[in-house]
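Everything on this sheet refers to the single structure shown next.
Counting from 1, the numbers follow the sequence of the chain as shown. The model shown is predicted, which means the values in this text are computed figures rather than measured ones.
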Amino acid sequence: MRNNVTGGAVLHGPTVQARDIQGGIHFHPPAERSGPRLPVPRQLPPVRTRLVDREADVRALDTLRAGRPSDAPQLMVVSGFAGVGKTTLVSRWLHEQTDSFPDGQLYADLAGHSTEEGSGPVQASTVLEGFLRALGAPSVPADTAQRVALWRSLTAGLRLAVLLDNAYTAAQVRPLLLGAPTGLTVVTSRTQLTGLLADGAAVHRLDALTTESAVELLTVGGGGQRVTHDLEAARRVVALCARLPLAICLASAQLAVRPHRSVSALAESLSQGYGPLDALRVDGEAVVRTALDLSYRLLPPESAALYRRAGLLPTDRYDLFMLTAVSAEPAARPDDGPDGTGQGYGTAADARDAGTGEAYAAYAADADAVDLALGTLVEANLLEETGPGTYRFHDLVRPHARRLGEEEESTARRDHTLRRYVDWCLATATSAESILTPSHRNLARDYTPPHVVPTAFDGPADALAWLDTRRDALMTAVRLCAEREWHASCWQLTDAMWPLVLRLRPTEIWCESHRLGLAAARASGSRAGEDRMLTSGAMGLRDAGRHAEAADWYTRALEHATADGDTKQRGQAINGLGHLSLLTGRLDEARAHFEHALRLWESVGYPRGVALCRRRLGETELEAADFPEATRQLAQAYRELKSMGEEYEAARVLATLGRALVLDGRPGDGTGKLTQALDAFRGSVARDAHWEARSLTWLGEAAEGQGHGDEARRHYEAARDILRLLTPDEARRMDDRLRHL
């Protein structure tokens, strides 16, 4: 039969339109789908029911996601140190976002830092094959480029989340990125993957837990009541674990499997040897050390060498100048001479001006190479940048770097690294000394040739801050010098730390360093060094309240100076003995000593010493309640010190003069000078927290004496807040004063 199909016809079922048909026609219904439809992929790893102290990080991820343009593919990178909890955080966050991704959540471990022998980063082609099959692709092309194209086509328009865990490089990740704005890709990595910034990535760095949260994790993980009953030991455990969730969970597991073991015993075991690097194990494997070993093996040679050598250094703070110094190749170095008279330079500018431009140029070239190696360590999250040009190791990384330095560096190279570090400490401390107390910088310094370039300072405040933050490292360097019998460096470094002990008064460091420095100066045969150690060391003993021992040191210094015919040094020792007499209330004896020292220093033309003696005479008269004479002596000392540019010493005299004027019945003049001194101690040139607190106390006394109770309270409270950080006993006395105000 022949029928014409018009344009308005509606056809149902199989239809054939033809003019002539020869043979039979067969209709075949479509084949039924074989098997059930593939489920929506939900591949995220399971997570704990409780996530400790990551609320701020979850909010940060929410903010990053919300801040992405609606028409751009969403890409986020979460980086952090091994064991910090990147996978746990992101998995938990994505689990909570399940409703936002109805088309699925895909997961792949890219094995960027696999600990399995012979394995390495997973190829993008392999990951794509699994993803495509999970999304129901009937066949997967063999060619990687075709797989990428099919991946982009299949996921276009899908509301899909992809977690790419443990990535190695940006290049490994890039073929796996979603191309549509409806999906989200989150990448975790131990490195920062800065290369993905060009692909529009938003980056979040995950840090360790707070101490409180780390203790909480130790408790819920298996420590239980043992943790709550010994919180001090628990804090030690989490500190040894560097507050890393992985390490804390392993430590907690040790408590869980040994229910009778105390937290203190665990802390003790973790503090032995290389600590948690070796002590925390899973199935016999030291997992923390293994993870770090792999990160280290992936470093280029220059970064690996810097990592090892930095680990050898007795410090937890690093900068470019220091690391450039210790990275220099060994060169011939003369032994410390018996007289300690080697030539050295105080600052980088001194080195250039003294004709060492060639050495400085070599330093600049070395610094560029070190800077590149540093960048690699920071990118790998093995080194943390704490400020402009300053760095620190993660607490668990440092012992790992030290172990590798001890195992892989030769004995000669280890010695050279430590020697260069000491020379850098000496050069930089000398530079700070030259800025803060230039009149004190008058003894020899020995440096390694070629000359070490010290860290540069941006003025007095920067120099004092460096000394303050490096005090423990400097003391460790002094001990290292004593241990290795680098005698000249030992006493010279102690001497260069003078502004630290003068301004910040770390009494124990002061006394210990000078005991070691005195022995080293004697061993090196430096009489000048021995005399300096005796007089400046006696000041530390005096401030520590060890008056008899301080008197012995001053007396020995006086005997040396008398035997050597050194009038200036005689005056120094006699002035010190006078100060001890003043502190112990023997005013006539103190006055006689100060007048004797003043005459000696006048005879040799030492105006600074003369002015300092006048200051002490003024303090003596202040104690004797002869306020007019105290005011006269102090005013003259202030004028003389100001004329010499001795701003710090002048500020101390000005504060004492202000107090004398208040006690002399001239509170207006006195408080004006005290306020002026207070401003100086808060400034950059004469900064001194001890004298700031002292000036506030004297201002409080002046206000209290005039009946201004509220003003006195403000001054006393400000002084107390400073003293709490410096001398808690004095802070408690200030609290008593406030209670009785």
Side-chain angles (χ1 to χ4, degrees), residues 437 440 467-468 471-472 474-476 478-479 481-482 490-523 527-562 569-594 596-597 612-613 615-616 619-620 622-623 649 652 656 688-691 693-694 697 723-733:
T437 54
H440 186 267
L467 288 170
D468 187 14
R471 63 172 72 186
D472 292 335
L474 290 170
M475 188 62 239
T476 303
V478 170
R479 295 188 192 108
C481 290
C490 183
W491 76 259
Q492 289 173 20
L493 180 54
T494 297
D495 191 43
M497 289 161 58
W498 171 250
L500 167 67
V501 297
L502 177 67
R503 301 278 186 100
L504 303 175
R505 302 184 183 275
T507 306
E508 293 305 317
I509 285 178
W510 194 341
C511 294
E512 182 188 356
S513 64
H514 280 80
R515 290 186 196 283
L516 295 174
L518 177 60
R522 286 173 179 162
R527 184 77 160 195
E530 188 176 353
D531 291 343
R532 178 63 69 80
M533 293 296 98
L534 283 169
T535 52
S536 57
M539 293 177 64
L541 293 168
R542 177 200 70 200
D543 285 356
R546 304 170 191 171
H547 293 165
E549 193 175 0
D552 177 61
W553 282 45
Y554 277 131
T555 300
R556 281 190 280 166
L558 179 59
E559 291 170 352
H560 283 194
T562 302
Q569 188 66 13
R570 281 177 61 204
Q572 187 72 36
I574 291 169
N575 184 65
L577 288 168
H579 196 191
L580 285 173
S581 299
L582 174 60
L583 290 173
T584 52
R586 294 168 290 160
L587 300 185
D588 290 340
E589 186 179 302
R591 190 180 295 109
H593 280 313
F594 294 141
H596 187 188
L612 293 177
C613 272
R615 170 199 172 189
R616 294 302 185 200
E619 291 174 343
T620 304
L622 195 58
E623 287 298 309
E649 294 293 351
R652 298 208 293 181
T656 311
D688 188 315
H690 289 273
W691 274 88
R694 187 174 297 179
T697 301
L723 291 170
R724 280 176 175 167
L725 302 174
L726 302 174
T727 50
D729 288 343
E730 290 187 32
R732 284 190 286 271
R733 286 193 287 272

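- Checked for salt-bridge contact, Asp729 and Arg733 miss the test: no charged N lies under 4.0 Å from a carboxylate O.
- The shortest distance between side-chain heavy atoms of Leu612 and Asn575 does not fall below 4.5 Å.
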message: Using side-chain contact (heavy atoms from CB on, under 4.5 Å), reason through Arg694 and His690 one step at a time and then give a plain yes or no.
response: CA-CA 6 Å; Arg694 187 174 297 179; His690 289 273; 5.8 Å; no
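- Every residue two or more places apart in sequence or in another chain that forms a side-chain hydrogen bond (donor to acceptor under 3.5 Å, both in side chains) with Glu530 is listed here: Arg522.
- Here the rule is side-chain hydrogen bond (donor to acceptor under 3.5 Å, both in side chains) with Ser536, and of Gln572, His440, His514 only His514 fits it.
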query: Step by step, would you call Ile509 with Met497 a side-chain contact (heavy atoms from CB on, under 4.5 Å)?
result: CA-CA 10 Å; Ile509 285 178; Met497 289 161 58; 3.9 Å; yes
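- Residues Pro506 and Met475 have side chains not in contact (no heavy-atom distance under 4.5 Å, counting atoms from C-beta outward).
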- request: Check step by step if side-chain contact (heavy atoms from CB on, under 4.5 Å) holds for Tyr554 and His579.
  value: CA-CA 11 Å; Tyr554 277 131; His579 196 191; 5.8 Å; no
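- Within the structure, every pair that satisfies the salt bridge (Lys or Arg N to Asp or Glu O under 4.0 Å) test and touches residues 492-501, not counting sequence neighbours, is listed here: Arg445-Asp495, Asp495-Arg532.
- In this structure, the side chains of Met539 and Val501 stay at 4.5 Å or more apart for every pair of heavy atoms.
- To the nearest 0.5 Å, atoms OG1 (Thr437) and CG (Leu500) are separated by 11.0 Å.
- The two atoms that bring Ala590 and Gly578 nearest to each other are CB-O, 3.5 Å, heavy atoms only.
- Annotation: side chain of Gln569 is not in contact with side chain of Leu534 (no heavy-atom distance under 4.5 Å).
- Of all non-hydrogen atoms in Gly537 and Trp510, the two that sit nearest each other are CA-NE1, 4.2 Å.
- Here Ile574 contributes atom CD1 and Leu558 contributes atom CG; the two are 5.0 Å apart, rounded to the nearest 0.5 Å.
- A 4.5 Å side-chain heavy-atom check between Leu504 and Leu467 finds every atom pair outside the cut-off.
- The nearest pair of heavy atoms linking Gly540 to Thr507 is O-CG2, 4.0 Å.
- Taking OG1 from Thr620 and CG from Leu582, the interatomic distance works out to 4.5 Å, rounded to the nearest 0.5 Å.
- Remark: the backbone N or O of Met533 is not paired with any side-chain donor or acceptor of Trp553 at under 3.5 angstrom.
- The distance from the CG atom of Asp543 to the CZ atom of Arg505 is 5.0 Å, given to the nearest 0.5 Å.
- For the pair Glu649 and Arg616, the salt-bridge criterion is not met [side-chain N within less than 4.0 Å of a carboxylate O].
- Every side-chain hydrogen bond (donor to acceptor under 3.5 Å, both in side chains) that Glu549 has, sequence neighbours left out, goes to Arg515.
- Taking all atoms of both residues into account, the shortest heavy-atom contact from Gly517 to Thr494 is CA-OG1, 4.2 Å.
- Going from atom CG of Leu577 over to atom CD of Glu589 covers 8.5 Å, rounded to the nearest 0.5 Å.
- Partners of Asp688 according to the side-chain hydrogen bond (donor to acceptor under 3.5 Å, both in side chains) rule, which considers only residues two or more places apart in sequence or in another chain, are Tyr648.
- With sequence neighbours excluded, the residues satisfying salt bridge (charged side-chain N to carboxylate O under 4.0 Å, His left out) with Arg591 are Asp588, Glu621.
- Take Arg570 and apply the side-chain hydrogen bond (donor to acceptor under 3.5 Å, both in side chains) test, not counting sequence neighbours, and it matches no residue.
- Nearest heavy-atom pair across Thr535 and Ala557 is CG2-CB, 3.7 Å.
- Considering only heavy atoms from C-beta on, Val478 comes within 4.5 Å of Cys490 through its side chain.
- Minimum interatomic distance between Leu541 and Ala550 (heavy atoms only, all atoms of both residues): CB-CB, 3.8 Å.
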message: I'd like to know whether His560 forms a side-chain contact (heavy atoms from CB on, under 4.5 Å) with Arg527, so could you lay out the CA-CA distance, the side-chain angles of the two residues, the decisive distance to 0.1 Å, and finally the verdict.
response: CA-CA 9 Å; His560 283 194; Arg527 184 77 160 195; 3.6 Å; yes
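- To the nearest 0.5 Å, the span separating CG on Leu723 from CD on Glu730 amounts to 5.5 Å.
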